[in-house]
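A short worksheet on the structure shown next.
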Protein chains: 2
Amino acid sequence: MYRTHTCGELRLEDAGKSVCLSGWVQKVRKLGAMTFVDLRDRYGITQLVVGENAPEEVKNSVAKLGREFVIQAKGTVIERASKNNKILTGDIEIDVNEVNVLSESEVPPFTIEDQTDGGDEIRMKYRYLDLRRPCVRKNLELRHRMAQLVRNYLSERNFIEVETPVLIKSTPEGARDFVVPSRMNRGQFYALPQSPQTFKQLLMVSGFDRYFQIVKCFRDEDLRADRQPEFTQIDCEMSFVEQEDVQEIFEGMIRHLFKEIRGVDIPKLEKMTWIDAMEQYGCDKPDLRFGMKIVELTDVAKGKNFAVFDSADYIGAICAPKCAGYTRKQLDELTEFVKRSQIGAKGLVYVKYNEDGTMKSSVDKFYTEADLKVWAERCQAEPGDLLLILVGPKFKTLPQLCELRLEMGNRLGLRDKNVFKPLWVVDFPLLEWDEETQRFYAMHHPFTAPKTEDIPLMDTDPGKVRANAYDMVINGVEVGGGSIRIHDSALQAKMFDCLGFTPEAAQAQFGFLIGAFKYGAPPHGGLAFGFDRLASMFAGLDSIRDVIAFPKNNSGRDVMIDSPSEIAQEQLDELGIELRKDIEK
Amino acid sequence: MYRTHTCGELRLEDAGKSVCLSGWVQKVRKLGAMTFVDLRDRYGITQLVVGENAPEEVKNSVAKLGREFVIQAKGTVIERASKNNKILTGDIEIDVNEVNVLSESEVPPFTIEDQTDGGDEIRMKYRYLDLRRPCVRKNLELRHRMAQLVRNYLSERNFIEVETPVLIKSTPEGARDFVVPSRMNRGQFYALPQSPQTFKQLLMVSGFDRYFQIVKCFRDEDLRADRQPEFTQIDCEMSFVEQEDVQEIFEGMIRHLFKEIRGVDIPKLEKMTWIDAMEQYGCDKPDLRFGMKIVELTDVAKGKNFAVFDSADYIGAICAPKCAGYTRKQLDELTEFVKRSQIGAKGLVYVKYNEDGTMKSSVDKFYTEADLKVWAERCQAEPGDLLLILVGPKFKTLPQLCELRLEMGNRLGLRDKNVFKPLWVVDFPLLEWDEETQRFYAMHHPFTAPKTEDIPLMDTDPGKVRANAYDMVINGVEVGGGSIRIHDSALQAKMFDCLGFTPEAAQAQFGFLIGAFKYGAPPHGGLAFGFDRLASMFAGLDSIRDVIAFPKNNSGRDVMIDSPSEIAQEQLDELGIELRKDIEK
């Protein structure tokens, strides 16, 4: 061992001990004839002092030290004259009598400090240096701790972690698979799993009863919006359960994490139906840290000869508290915000409910103060509040109101990262109609069970069928989701039929699962959490990249190792594949 | 929840309780007017009884039950008249008053019992049914428990589990990579890692100090000898350590596993040099459950005009205790054994040291009884023992003697699966010369450090350099291996040079690691255990396949899901690749 202690563990009571530390040179300071070195490792920083009377060779060694040199220092623990109460080792320093340079360092391309001078690009290229920054390392330590807590929580509850295969079979359905050409079976390909869904269901058919896995999944899709081609799920499945049983276990797990990691007691989770979430928050992942719910005004705002409103499918408002004083400029900003192409509203109507009780709106021409008071009342607005109103087709306007609501939440400082409001969103539609391809798609996946009472609707009105599915949402982010699964081959066949699979296509894709259901499948269900997302939320970060040791960029590239890259012609030959002629090698 | 209790938990003290159980029908027996059903789940088997006075509909339901139906049964716990002390629930049964069939089952293709009538092929095709057999499930439960023990052991010792990427960069060096075409970077490929070696070393450069991961690795090689294209490693790395530090931690981990899983106290591990292992056991993974060490006879057996021996590079023997009475047939069998092409000896010489003190050998023509006594003495043979002797080039003959020794160990019942003899093999050669390509290869990998005192030999006699490497061997199986790594760019460059890399090729392949070493790399080292192998050893199994939920066969195929398989032309088009013309689609 190159050390007797780490750089984080010596205290005043160790004074007098002979010790040996190893680590990185954080800083070197000269003060007259004295030299101070901050020595850093994962566990902390300890101050080394080379005094006037130190051996000549020590003085010489220390004179040549630079930032990020790796050294070993031997000496005696002494009490510091001027203590540093910002660090736990701040009461002591090491009076050094031997220094060995273990590795020199070139000047790093950016400073190894929480507040670094390095931009995103250079930090990713030198990710191994970026990871030295304590703030980055702490995120990965947190992630480790969460994984351990999850595993122990579930193991204590009889869940078995089972590794499912990574080299599986490609399914043209769903999002995009990465494929892997097989050398031993030339012309054939494996696929990397987008999730272990079918395997965990097979484990339930096998009687494993309770399964979990913290597992890498893969999706070859365009990487906007903080996604990664490889990501990690906490994947779980249980047998002989109903929705509430699954929720109870995993709500408990999340509560346990909040308690252990953040010291927060989370009350029992609210359950909100999908339709309520849509109508009140404009989306299926409501941020409950603040109110400002969406209120429908369609019935009260029509019939006053304002053509835009009279012809509208839907009119909805949010009430921004204490914002009646918004200036023209502020209101213009909000109008610009909702008209951005990502949001796509045509315009914004406002109603100021002034402190003095008067009303002022952008549609005063069409509505009397009494009319506007009705709206305000519907919105439970008080004097001083501001109504913001959007119109259009209902399920286009609701998401716009959602964005506007979140924007107002930001402006009013209502989205505190240290406040956590988890909930379950339930009763999702089973199927989503796609106009372009003129067919239904599974909103979750083809194995999600419909609510028992809605099964007859599968034949008559598939779009109305509710799924026995549930998402866990925290602060506007979907952190996990799952469902009770179909465990009956006949119902599964009906589901494939709704999705436009021919029986042959269903058999080719999922034959093994349909087959398995013929030999006694238990009722089962489960869910999966996005572990990267969950960890970044617990770490108070905006991007999942910060909780991934070696993330890829928006083009799916690892700029540190320069991957993906070309491979040798011999490798292609062995695999029996060729690049298409139109690709420049 | 479809149950109040599992099928493994009810006891006599629960008598009188109203309960609800769910599970699979293991067996239905009729006894007069009574019907008994063995209901099975992961936790055990509970007997249901439908008596004469049971409701008619219950009698009707039970009459229709078949093997592997999934049912829910409600009733009262009662004491059994005739108890079954083979199962923990054997004191009670359930007097059933309601039965619900949750899933019917076709007759399974083999019996769901430890002693099944299903062959290997059909069990793999219906792996989800094979996994129902308690003996198979128990292996995976054991694997889970081991993974948990390992994670907790290492976490308690400040190791952080860090997920390293699965989509990395192909390295033409070393064994075969699986590659993954990138859709977003057409013409370029990711590779799947054969191990996280470079990433864990980067984490050490990053100051993570102690890293571990239980992680899937991938190797596209011919799958003889119980290998899988995807396999799992317990991968570890530590900073500021020497060989002994790494060994202490991981020896402790293995001892902990033996204690917890098998209830065995393992003493401190012996360390054996590679050359001792080769000379005494004929291989670098000696099985120490029995003696019968190899003894060299070259010096004492030459010079008696037996041309085969006189011209031999090496003559070696093992002494099989109490085997002097072996018949001609038995000796012929052993001769056939060593002459098999996998072993390749030319023949076998025996010397019987009879109980009466006389000697009898297959080379009596050339050697006197006194000559043979010298051999026997060298081998510490006693009257009644049998010497078995092979000759040839030393490092071809030693592995043959190794196989012969193991065979004799099997025949004599000396390889008890419930005895465990772990050891460290150390001081491996750094480099291996390959005659075919006329160059050196790294015996472990290119990042393994040479022993400090041997570094000068890298220039003068590279084949003589010993590595700072170590393998953990248990019962003749290499369960793990590792090394202290090079942490100095100059030494790493010298190593690449020994391996015949041009500086440009080294830079192209490992530029990021060489680069990282320029910014202060700590001394570091680590190791990796083959988790599949380790789990199969703890489970007392011969094949790693039995501790893998969904293994692939010897052609790398998953016969259950029928993978690998062809993919759609559109997928190939998107990826910018084509199958070679000579491959039939």
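When atom types are taken as modelled, the side chain of A/Ser170 and the backbone of B/Ile567 share no donor-acceptor pair closer than 3.5 angstrom. Between the side chain of A/Asp245 and the backbone N or O of B/Met1, at least one donor-acceptor pair lies under 3.5 Å. With hydrogens and angles disregarded, a donor-acceptor distance shorter than 3.5 Å links the side chain of A/Ser103 to the backbone of B/Ala521. A donor-acceptor contact shorter than 3.5 Å links the side chain of B/Arg132 to the backbone of A/Val205. Side chain of B/Asn185 to backbone of A/Ser555: a donor-acceptor contact under 3.5 angstrom is found.
Chosen from B/Pro108, B/Gly515, B/Pro165, the residue pairing most often with chain A at heavy-atom distances under 4.5 Å is B/Pro165.
A 4.5 Å side-chain heavy-atom check between B/Ser182 and A/Ser563 finds every atom pair outside the cut-off. Under the 4.5 Å side-chain criterion, counting only non-hydrogen atoms from C-beta, B/Leu131 is in contact with A/Leu203.
For A/Ser155, the side chain to side chain contact (heavy atoms under 4.5 Å, CB included) partners are A/Phe212, B/His144, B/Gln148, not counting sequence neighbours. Among residues two or more places apart in sequence or in another chain, the side chain to side chain contact (heavy atoms under 4.5 Å, CB included) test is passed with B/Glu106 by A/Lys518, A/Tyr519.
The CZ atom of A/Arg143 sits 4.0 Å away from atom CD of B/Glu163, with the distance rounded to the nearest 0.5 Å. Remark: B/Tyr128 OH to A/Met204 CE distance equals 16.0 Å, nearest 0.5 Å.
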Using the side chain to side chain contact (heavy atoms under 4.5 Å, CB included) rule, take A/Phe189 and B/Leu572 through it: C-alpha gap first, then chi angles, then the decisive distance, then the call. CA-CA 11 Å; A/Phe189 294 76; B/Leu572 294 172; 3.7 Å; yes

Take B/Arg151 and A/Glu161 through the salt bridge (Lys or Arg N to Asp or Glu O under 4.0 Å) test and state the conclusion after the steps. CA-CA 12 Å; B/Arg151 288 203 172 89; A/Glu161 186 162 27; 3.3 Å; yes

Mind running side chain to side chain contact (heavy atoms under 4.5 Å, CB included) on B/Arg42 and A/Ile160 for me, showing each step along the way? CA-CA 11 Å; B/Arg42 184 181 124 202; A/Ile160 307 179; 3.5 Å; yes

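In this structure, a donor-acceptor pair under 3.5 Å is absent between the side chains of B/Arg176 and A/Gln571.
Using a 4.5 Å cut-off between heavy atoms, B/Phe231 does not touch chain A at all. For B/Ala147, no part lies near chain A; criterion is any non-hydrogen pair under 4.5 Å.
Ionic pairing of B/Arg183 and A/Asp177 is not present here: no N-O contact between side-chain nitrogen and carboxylate oxygen is shorter than 4.0 angstrom.
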